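Step one of this worksheet: look at the structure below.
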Amino acid sequence: MRADVITIFPEYLAPLDLSLIGQARRRGVLDLRVHDLRDFTHDRHRTVDDTPYGGGAGMVMKPEPWGEALDRLVAGQASRPVLIVPGPGGMPFTQAMARELATEDWLVFGCGRYEGIDERVYEHAAHLAEVRVVSLGDYVLNGGEVAVLAMVEAIMRLVPGVIGNAESLVEESHEGGLLEYPVYTKPASWRGLDVPDVLLSGDHGRIASWRHRKRLERTAARRPDLLHTASAITSADLESVP
Ligand SMILES: COc1cccc(COC(=O)c2cn[nH]c2)c1
């Protein structure tokens with residue numbers, strides 16, 4: 001998997017040198033490159049933004065640096081990447097999207113700042129890449145870098161060979177559309193709180209159905225919106241939760 005990140009704050013992406021992602025980069029499983037958008041400016045102040053046409057507060061990212069960055073990275077290449085631009089107005093980023101993006105050969109992440117990127121950049125980029133504006137949630141960050149860190153982690157941990165223990169990816173939140181069940185480890189009793197007996201029973205059938213039940217209850221309590229689309233439940237399950 002190759003991934004490029006275009007940003008005016010390359011140092012914001014330094015955490016991608018750490019832990020499993022960092023190891024995967026050093027092992028060559030992940031070819032992740034960070035680019036400073038200001039390297040694609042030519043004025044003394046390395047300007048990347050300007051005032052918005054039509055007035056209004058704040059600044060807009062100029063199209064020229066983005067155009068040059070995308071031309072340098074993508075134009076003339078044999079393959080065509082998916083360009084992902086995190087933004088409050090994007091499509092929701094979900095585990096399903098992470099799984100789908102983990103199968104792509106090449107991702108380019110564009111980190112917006114200020115009030116956004118000149119719209120013509122998205123239009124131009126559509127000739128070079130599949131463009132997706134993606135939202136992490138209904139809130140506003142100062143820029144896309146934090147969102148890219150989250151998306152890179154969510155995607156790259158699903159890329160074969162990046163994370164050691166593949167089966168740990170199977171049972172987790174949002175697999176099958178349900179939230180994860182509660183987990184416990186030693187000691188069996190802690191400050192008067194005991195691990196549920198079923199988990200100490202060794203009866204794997206009972207444990208599996210207890211865990212499924214807990215996922216249902218937790219999803220019904222915290223994310224009822226997921227219940228009707230979850231693939232992991234039956235109509236009997238739906239009847240059984242409040
Ligand atoms: C594309 O232009 C901009 C402008 C400003 C901030 C950002 C960063 O993204 C978010 O704020 C966000 C992402 N998901 N939820 C919120 C991008």
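Numbers here simply count residues along the sequence, with the first being 1. Numbering of ligands and ligand atoms starts at 1, following listing order. The model shown is predicted, which means the values in this text are computed figures rather than measured ones.
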### Message
Could you check whether Trp106 and Asp4, counting side-chain N and O atoms only, form a donor-acceptor pair closer than 3.5 Å?
### Response
yes
### Task
Tell me, please, which residues at least two apart from Arg72 pass salt bridge (Lys or Arg N to Asp or Glu O under 4.0 Å).
none
### Query
Which residue pairs satisfy the side-chain hydrogen bond (donor to acceptor under 3.5 Å, both in side chains) criterion with at least one member in residues 15-26, sequence neighbours excluded?
Asp17-Arg25
### Task
Can you run down the side-chain hydrogen bond (donor to acceptor under 3.5 Å, both in side chains) pairs that involve residues 194-207, sequence neighbours left out, and say none if there aren't any?
Ser189-Asp194
### Task
Could you please spell out the steps behind the salt bridge (charged side-chain N to carboxylate O under 4.0 Å, His left out) verdict for Asp118 and Arg120?
CA-CA 5 Å; Asp118 186 296; Arg120 291 168 291 181; 2.6 Å; yes
### Task
State, yes or no, whether a side-chain contact exists between Arg132 and Leu101 at a heavy-atom distance under 4.5 Å.
yes
Please give the N or O to N or O pairs under 3.5 Å between ligand 1 and the protein, distances rounded to 0.1 Å.
unit_1: ligand 1; atom_1: 11 (O); unit_2: Leu141; atom_2: N; d: 2.8
unit_1: ligand 1; atom_1: 14 (N); unit_2: Leu136; atom_2: N; d: 2.9
unit_1: ligand 1; atom_1: 15 (N); unit_2: Gly137; atom_2: O; d: 3.1

